[in-house]
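Notes follow the structure.
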Amino acid sequence: MDDSKNKKSNQDILTIDELIDKASSLLGLQMNQINENLEFDGKKGDFGFAIEEGGFNYPRNSRAEADFKDLNVELKVTPFKRNANGTYSSKERLVLNIINYMEEYKKSFEDSSLWTKNQTLLILFYEYIENISRSDFMIKYGILHQFSEQDLIIIKNDWQIIIDKIKAGKAHEISEADTYYLGACTKGKNSSSTRQQPFSSIPAKQRAFSLKTTYMTQIVRELTTNTKPEDSLFNYVELVGDSFEESIIKKVAPYIGMTESQLLGLFELDTVAKSRFEMIFTRMLGLKGKLSKVSEFIKANIQVKTIRVEDTGKIKESMSFPAFKFTEIVNQEWEDSDIYKLFETKKFMFVVFKKINGEYTFDNIVFWNMPYEDLNVYFKTIWLETRKIIANGDIVKFVDNKGVRHTNFPGQSSNPVGHVRPHARLKTDTYPLPSTDKVTGLNVYMKYCFWLNSKYVEESILKL
DNA sequence: GCATGATCATGC
DNA sequence: GCATGATCATGC
């Protein structure tokens, strides 16, 4: 068990108040002022250890119990950053403990490794600034974090979702986007760090419980602006059945089958704005502000999309995503790519309006994140092909006599999941190319992005 | 009718 | 001015 050195330093801090005092005294200090002994330009985990040692006089350890065992408080040190628009975000997810697939499923939530170690977190936030020495990073905020009752309900359910996947022999198919606040993020030197799972012989990537980047961002926003979120969903929506999805579906169920004009009338909306379907949905939830500002949607990294289905059962258009930079894609590996990270972490909430007798009618809500195979087999193929085409300068196949450029990018018919198409204001709206295009000699090209095929949205997501 | 190239509309 | 979500235009 603990050696004598551990025991001694443990006794330096006896109460929560002493712990908070000690933490407060670290605010405004740079890493090198807290601990002069460590090299900071090396490994990532150093700040945690450095502060345990330099700030709390507590030797490094990797034990399963909380850092301040008697107080049951776990110390976390994590970065936040300033965005271009002046707001602040968490830089990373907050990694908690590694999941032992062979053991965790045997436990109840209350006895789980997650809950045993992490029910109270002392989180110290330092500001990450690009191009400055890591040793100059400064601790700016500290909080003693306990989960609110509502957050805890979601987190328990998230834990259960992860456990259910282990029990189904699908630990290798876990995605961070399966869950809402608590994620299972990959952890290890690289994607080949795997471990055994109990109900399948397939090795699963090593993963750790973590609080999603977006969950942490909401905490950072509250600290940096010193305000609570304007709109909190679960003040309006009763959490039922412990599930995020069920709660929202139950809330909007009374409106299913109502037409656009009925709903506009009901909510006293007099508008022809394109965003009127989103406005209607906002009112169904009882919210006033923008959906993108709802703290639960931010925390869970949920993106709401309204979809209109025509009376033929078809969706008119494919779904676009942010444009990629040609020069970035050629220097990335699949699992570092923006589109991989997007689909690996983002949960979509589709609000479906169906055209019936000539009028759009509220149909249902579909929660979705990209399944493992669709991402790591089909979408990966599209991405690899795209990277190769750009790297080889092979974008344009030929230019027809009207001047229209036909490309080699993977089209809608080449892959069941997605394709690559322009996403720009104009043809002249371009990003630089890493390799000169062989056919046209161009060094810049119109912005492009990855799309989800409309047929994929129809058949695989909405299951029309 | 669908696939693909190209562009629009809005908000910040 | 740009990112993002959405849609138009054309040819097969």
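Lettering follows sequence order; numbering is per chain, from 1. Values below: all heavy atoms of this structure, side chains included; hydrogens, waters and symmetry mates excluded.
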- Query: Mind checking what makes side-chain hydrogen bond (donor to acceptor under 3.5 Å, both in side chains) contact with A/S435, not counting sequence neighbours?
  - Reply: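 Partners of A/S435 by the side-chain hydrogen bond (donor to acceptor under 3.5 Å, both in side chains) criterion come out as none, since no residue qualifies.
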
Across all chains, not counting sequence neighbours, the side-chain hydrogen bond (donor to acceptor under 3.5 Å, both in side chains) partners of A/E385 are none

On DNA chain B, more 5' by nearest nucleotide between A/H419 and A/H423 is A/H419

Closest-nucleotide ordering on DNA chain B, the 5'-leading residue of A/L426 and A/K455: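 Counting from the 5' end, the first nearest nucleotide belongs to A/K455.
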
Run A/T345 and A/K212 through side chain to side chain contact (heavy atoms under 4.5 Å, CB included) and show every step you take.
CA-CA 8 Å; A/T345 58; A/K212 295 189 172 193; over 6 Å; no

**side chain to side chain contact (heavy atoms under 4.5 Å, CB included) between A/I307 and A/M319, intermediate numbers included** = CA-CA 10 Å; A/I307 294 192; A/M319 192 173 288; 4.0 Å; yes

Check whether NZ of the Lys or CZ of the Arg [X] lies under 6.0 Å from the centre of the six-membered ring of [Y] and within 45 degrees of that ring's axis.
| X | Y | value |
| --- | --- | --- |
| A/K299 | A/F147 | no |
| A/K81 | A/Y128 | no |
| A/R276 | A/Y360 | no |

Sugar-phosphate only, base, or nothing, as touched by [X] at under 4.0 Å among non-hydrogen atoms:
| X | value |
| --- | --- |
| A/K397 | nothing |
| A/A424 | base |
| A/M446 | base |
| A/E278 | nothing |

Distance col, row A/I390:CD1 vs A/K325:NZ, nearest 0.5 angstrom, shows 13.0 Å

Under a 4.0 Å heavy-atom cutoff, the residues of residues 401-418 of chain A touching DNA chain B are A/V404, A/R405, A/H406, A/T407, A/G411, A/Q412, A/S413

What residues 428-444 of chain A contributes to the DNA chain B interface at heavy-atom separation below 4.0 Å is none

Worksheet item: Is a side-chain N or O of A/E127 found less than 3.5 angstrom from the main chain of A/K140, in a donor-acceptor match?
Response: no

Discussion item. Checking the side chain of A/E278 only, and the main-chain atoms of A/T306 only, is there a donor and an acceptor separated by less than 3.5 Å?
Written reply: no

Determine the interplanar angle of the A/F348 and A/F343 rings, folded into 0 to 90°, and report it as parallel if under 30°, tilted if 30 to 60°, perpendicular if over 60°.
->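 Correct class here is tilted.
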
Exercise. Report the residue (A/R308 or A/P322) whose heavy-atom-nearest nucleotide on DNA chain C is the more 5′ of the two.
Key: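 The residue mapped nearer the 5' terminus is A/P322.
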
Closest to the 5' end of DNA chain C, once A/K325 and A/R421 are matched to their nearest nucleotides, is A/K325

Requested in this report: Establish, yes or no, whether a centroid distance under 6.0 Å links the rings of A/Y181 and A/Y215.
Outcome: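 Ring-ring flag for A/Y181/A/Y215: true, centres closer than 6.0 Å.
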
Exercise. Is the count of non-hydrogen atoms from other residues, nucleotides or ligands lying under 6.0 Å from A/Y378 atom OH greater than 12?
Worked result: no

Ordered by number, residues from residues 346-364 of chain A within less than 4.0 Å of DNA chain C (heavy atoms) are none

Bounded by its outermost nucleotides with an atom under 4.0 Å from a heavy atom of chain A, the footprint on DNA chain C reads C/dA3 to C/dG11

